[in-house]
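Before any comments, here is the structure.
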Amino acid sequence: MSDRITPRTLKGFRDYPPEKMIPREQLVEIARRVYRSFGFRPMDTPALEHLEILTGKGSDETDKQLYRFEDHGGRSVGLRFDLTVPLARFVAQHIQDLGTPFKRYQIANVWRGENTQRGRYREFMQCDFDTIGTTSTTADIETVLVINALLEAIGFEQFTIRVNNRQVLTGLLEKLDLVDQSTAVLRALDKLPKIGAEKVAAELTSTAGATPQQADAVLQLSELTGSNAEILAQLEPLVADNETGKRGLDQLTELTEAVAAAQVPAERLKLDLSIARGLDYYTGMVVETFLDELPGIGSVCSGGRYDNLAELYSKQRHPGVGASLGLDRLLAALEELDRLADIQTSAQVFLPLFIAKRRNDYLHLATQLRAAGLDVELYPEAKKLGKQLQYADRRGFQVAVIIGEDEFAANEAQLKNLTTGESQTVALDDEALALIAEIRPLLGS
RNA sequence: GUGGCUGUAGUUCAGCUGGUUAGAAUGUCGGAUUGUGAUUCCGAAGGUCGGGGGUUCGAGUCCCCUCAGCCACCCCA
């Protein structure tokens, strides 16, 4: 019997026991609700795609991380490593039927064979929302509003949405004749908060081939500080003689005004010209979101505008804008801030199986309560009442409905508030209406 | 992918320079208490010391490989 297989999971892949899954499902539920409230519609794509769909982009980095293999029919296939590439394929294939603007959300797992760290796994969930087929700045603005609504709905009040516009940087690079090196410049700039201006300047000269003067010129953008209005004012002379840069400035101005008009507290939106985002397909607005209480955890919601989503798969141009909620980071943050309620049950109402012979009566009552919209768990064994209540207590049930022979005889139920320990006696009519009415107020919060 | 740290009951950890049947706390289960849940008391189960190989009279302890976790680089959610 020693040749039994050791139970284990692959590196970077995780099991989700109920105590992890319950807050996870709650977050996903919140995200869905917020996305829908802005009119985004659900969609999904297969986990597995033809390899050339995924490798099309050709970046070495994604190529290294891609899970790839041959399927049973000898096809080369790969697991999706993000939701953007499958969206591009989907749009190229179906946009005629969908019409534009196409607003979608997609919450699904993706896989990357990279090295693991806390909060970084090989299988993880992305919660993306995008608006495809419009270049309107209104869609950019709405993206910021969705991020704000998302974090509010999760229960955060202190967070900062940092916004930049790629065209500002692109304009500057045009002036400096560095456009060809934009990817290297972006990656260097992205490290600014981590390694500091000096090292970024060094990387700009070594990797991006900039002269020290050019590096300084690029870095001066990120040194602009002050209120949003002050930053915009300082930016104006820097982009004055470049069309691209001016467009970026105009869009940023429009965005700050619109977001304020939409009642987002002013301190939450911060123009930050050092926000770069390493991905080179962004062409307009870029956005990252930080929790003020835990800035070190990184951006919990990031995205931006891209000019041509499906260029690899279609002759048509499909501009779009969107962002992705970092579910795992957010869960890690909530855990660290001790904001995860210790709920280990799906139901709130606990029904002990007190008298074994009365099982069918309990089942009947549970059915009545469920019909009234209450979630009820009936204990499956007629163990001692103390044990059953202990089970309910440990799992975070809010109320227990206790009915023994005395109560059955008197047509009563004992309604116990498991949080306070108090009990009350409630008459048990044929439809349990009085009981239902008494349970409801106990399930607040 | 590169480099560093770590790995002992479900969980958090003890285990001195290698030395007989690997401990504690907590949790789990049972009982004291066959009608009331975080208290108390009693009892039980639970470990091939991550896995494999080697050195040794003897390895949880030393060496090698491997797997997993964490950290940095890289990249990013």
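In the text below, chain A, chain B and the rest are named by the order of the sequence lines, each starting its count at 1.
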Using the side-chain contact (heavy atoms from CB on, under 4.5 Å) rule, pick out the option among A/I275, A/L189, A/L273 that qualifies with A/L169.
A/L189
Below 6.0 angstrom between ring centroids: does that apply to A/Y362 and A/F408?
yes
Within the structure shown, what part of the strands sits under 4.0 Å from A/D406 by heavy-atom distance: base, sugar-phosphate, or nothing?
base
What integer number of Å spans the P atoms of B/rU11 and B/rC70?
15 Å
Looking across every strand, which nucleic acid part, if any, lies under 4.0 Å from A/S299 by heavy atom: base, sugar-phosphate, or nothing?
sugar-phosphate
Parallel, tilted or perpendicular, judged at 30° and 60°: which one describes the rings of A/Y379 and A/F350?
perpendicular
Tell me the interatomic distance from A/R122, atom CZ, to B/rC67, atom C1', rounded to whole angstroms.
12 Å
Ignoring hydrogens and geometry beyond distance, is the side chain of A/E288 in donor-acceptor contact with the base of B/rA77 at under 3.5 Å?
no
Starting at CD of A/E114 and ending at P of B/rC71, how long is that distance when rounded to a whole Å?
13 Å
Rounding to the closest angstrom, what is the interatomic distance between B/rU8 and B/rA68 at atom C1'?
15 Å
From A/F129, A/Y35, A/F40, residue fulfilling ring pair (Phe, Tyr, Trp, His ring centres under 6.0 Å) relative to A/Y105:
A/Y35
Quick one: salt bridge (Lys or Arg N to Asp or Glu O under 4.0 Å) partners of A/E114, sequence neighbours excluded?
A/R120
Got a donor-acceptor contact below 3.5 angstrom from the A/R80 side chain to the A/T45 backbone?
yes
Do A/R120 and B/rC70 have a side chain to base donor-acceptor pair shorter than 3.5 Å?
no
Starting from Watson-Crick (N1-N3 plus N6-O4 or O6-N4) and G-U wobble pairs under 3.5 Å, report the runs of at least three that RNA chain B belongs to.
B:1-7 with B:67-73, B:10-13 with B:23-26, B:28-32 with B:40-44, B:50-54 with B:62-66
Could you run down the sub-3.5 Å N/O contacts of the protein with nucleotides 25-34 of chain B?
{"from": "B/rU28", "atom 1": "OP1", "to": "A/R394", "atom 2": "NE", "distance (Å)": "3.2"}
{"from": "B/rU28", "atom 1": "OP1", "to": "A/R394", "atom 2": "NH1", "distance (Å)": "2.0"}
{"from": "B/rU28", "atom 1": "OP2", "to": "A/R394", "atom 2": "NH1", "distance (Å)": "3.4"}
{"from": "B/rG30", "atom 1": "OP1", "to": "A/K383", "atom 2": "NZ", "distance (Å)": "3.4"}

Looking across every strand, which nucleic acid part, if any, lies under 4.0 Å from A/E407 by heavy atom: base, sugar-phosphate, or nothing?
base
Sugar-phosphate only, base, or nothing, as touched by A/G12 at under 4.0 Å among non-hydrogen atoms
sugar-phosphate
Ring stacking, A/Y391 with base of B/rG37, under 5.5 Å and under 30°?
no
